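Step one of this worksheet: look at the structure below.
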Amino acid sequence: MGAILLVEDEIAIAETVIYALQADGHTVRHCLDGQQARAAVHDAVFDLAILDVGLPDVSGFALCGELRRSVPLPVIFLTAQAAESERVLGFDLGADDYIAKPFSLRELVARVRVALRRGAVQQTGDGVTRTGAFEHDADGRRIRYHGHALDLTRYEYGLLAALLARPGAVLSRLQLMERVWEDAAETGDRTVDTHVKTLRAKLRAAAPAADPLRTHRGVGYSLDVD
């Protein structure tokens, strides 16, 4: 399930959408306008945004452009206008889907699932796997993040590759040691923690506003692929 940013100024519509998405297992952060949405993407990582086109302070189309420049994520537009020209404009801006009001909540939830699956992992023809903001060339042992090639050591690469293989899942230190340091003698928790620290610094250098590497105290680590 995903973390969803909902930007909708009509409270009644927002409440029904939030209820339907939460019932499907998603977490939802609701914003009333573009200003709140801009602040939200700096505070948290989202897997998908649902944007109302007719917001009080900015058009949903303009907001989509702003958000996508800082945080690439799937976008679904909600609108009272079903004109073909608006739909075409939305898709030209990179929207993953476009839903006209009034809409079926079951259909909205289904389209959210599809958008999240599409955004999660994409295999390109050149053998590169795209997972959110990450591009992983397993044959070349190279990983790019937000378009930046990461200069990784052997173990930093292994660590990130292991987490990318199961995005969002929490891997314990023991699991990471078995996957990454299987041939290294006397590897312990501190080794894993040290490499997580250096890897986190390199990810932040590539995208300062994001923090995809999550620490679960006493358990292990997970990767948000934003």
Side-chain angles (χ1 to χ4, degrees), residues 1-5 26-27 29 38-49 66-74 116-226:
M1 299 296 101
I4 298 173
L5 174 66
H26 306 285
T27 60
R29 180 160 174 179
R38 294 183 196 102
V41 297
H42 288 290
D43 294 340
V45 175
F46 298 98
D47 300 306
L48 180 143
E66 291 182 42
L67 298 182
R68 294 288 284 271
R69 280 193 293 271
S70 59
V71 183
L73 78 172
L116 287 172
R117 285 198 298 269
R118 276 202 306 258
V121 178
Q122 298 176 357
Q123 186 72 38
T124 65
D126 55 4
V128 175
T129 300
R130 290 198 177 99
T131 309
F134 291 90
E135 298 176 23
H136 183 197
D137 175 5
D139 290 338
R141 296 179 65 85
R142 294 186 294 265
I143 299 177
R144 298 174 68 88
Y145 179 52
H146 283 287
H148 299 278
L150 299 173
D151 183 15
L152 303 174
T153 67
R154 171 190 174 186
Y155 292 119
E156 287 169 349
Y157 167 80
L159 178 62
L160 185 53
L163 292 166
L164 271 173
R166 295 191 60 197
V170 179
L171 298 183
S172 69
R173 289 175 177 83
L174 178 58
Q175 288 174 312
L176 291 170
M177 284 188 284
E178 291 173 345
R179 287 165 170 78
V180 182
W181 284 273
E182 55 184 335
D183 59 346
E186 300 180 358
T187 301
D189 288 356
R190 295 296 295 274
T191 300
V192 177
D193 295 345
T194 298
H195 283 80
V196 165
K197 183 178 180 179
T198 59
L199 176 58
R200 179 176 278 126
K202 292 181 179 181
L203 293 172
R204 284 178 173 166
D211 186 15
L213 192 50
R214 300 300 178 90
T215 300
H216 302 266
R217 297 194 180 280
V219 182
Y221 298 93
S222 67
L223 188 72
D224 291 331
V225 295
D226 55 318

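Just so you know, these numbers come straight off a predicted model, no measurement behind them.
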>> If I take atom CE from residue M177 and atom OG from residue S172, how far apart are they, to the nearest 0.5 angstrom?
In response: 7.5 Å
> Checking side chain to side chain contact (heavy atoms under 4.5 Å, CB included) for the pair R214/V45: CA distance, chi angles, key distance, verdict?
Replying inline: CA-CA 11 Å; R214 300 300 178 90; V45 175; 3.5 Å; yes
>> Quick check for you: to the nearest 0.5 Å, what is the distance between E156 atom CD and K197 atom NZ?
In response: 13.0 Å
> Mind checking what makes side-chain hydrogen bond (donor to acceptor under 3.5 Å, both in side chains) contact with T27, not counting sequence neighbours?
Replying inline: none
>> Working to the nearest 0.5 angstrom, can you tell me the gap between L199 CG and T153 OG1?
In response: 8.5 Å
> With sequence neighbours left out, what residues match R179 under side-chain hydrogen bond (donor to acceptor under 3.5 Å, both in side chains)?
Replying inline: none
> With A44, which residues qualify under side-chain contact (heavy atoms from CB on, under 4.5 Å), at least two apart?
Replying inline: R29, F46
>> For a quick test of reading the model, state the closest non-hydrogen atom pair linking H42 to A209 and the distance between them.
In response: ND1-CB, 4.4 Å
>> What I'd like to find out is whether the side chain of T215 reaches to under 4.5 Å of the side chain of D193, using heavy atoms alone.
In response: no
> With sequence neighbours left out, what residues match E178 under salt bridge (charged side-chain N to carboxylate O under 4.0 Å, His left out)?
Replying inline: none
>> Within the 3.5 Å criterion, strictly below it, is a donor on H136 or T131 matched to an acceptor on the partner's side chain?
In response: no
> If you measure from OG1 on T191 to CG on L159, what distance do you get to the nearest 0.5 Å?
Replying inline: 11.5 Å
> When rounded to the nearest 0.5 angstrom, what is the spacing between CZ in R200 and CZ in R204?
Replying inline: 5.5 Å
> Which residue pairs satisfy the salt bridge (charged side-chain N to carboxylate O under 4.0 Å, His left out) criterion with at least one member in residues 140-152, sequence neighbours excluded?
Replying inline: D137-R142
>> Restricting to side-chain hydrogen bond (donor to acceptor under 3.5 Å, both in side chains), what partner residues turn up for H148, sequence neighbours left out?
In response: none
>> Distance check, rounded to the nearest 0.5 Å: L5 atom CG versus D47 atom CG?
In response: 11.0 Å
> Any side-chain heavy atom of L163 within less than 4.5 Å of one from L176?
Replying inline: yes
>> Under the rule for ring pair (Phe, Tyr, Trp, His ring centres under 6.0 Å), what residues qualify as partners of H195, not counting sequence neighbours?
In response: Y155, W181
>> My understanding is that only residues two or more places apart in sequence, or in another chain, count here; which of them pass side-chain contact (heavy atoms from CB on, under 4.5 Å) with A207?
In response: Y145, H146, A210
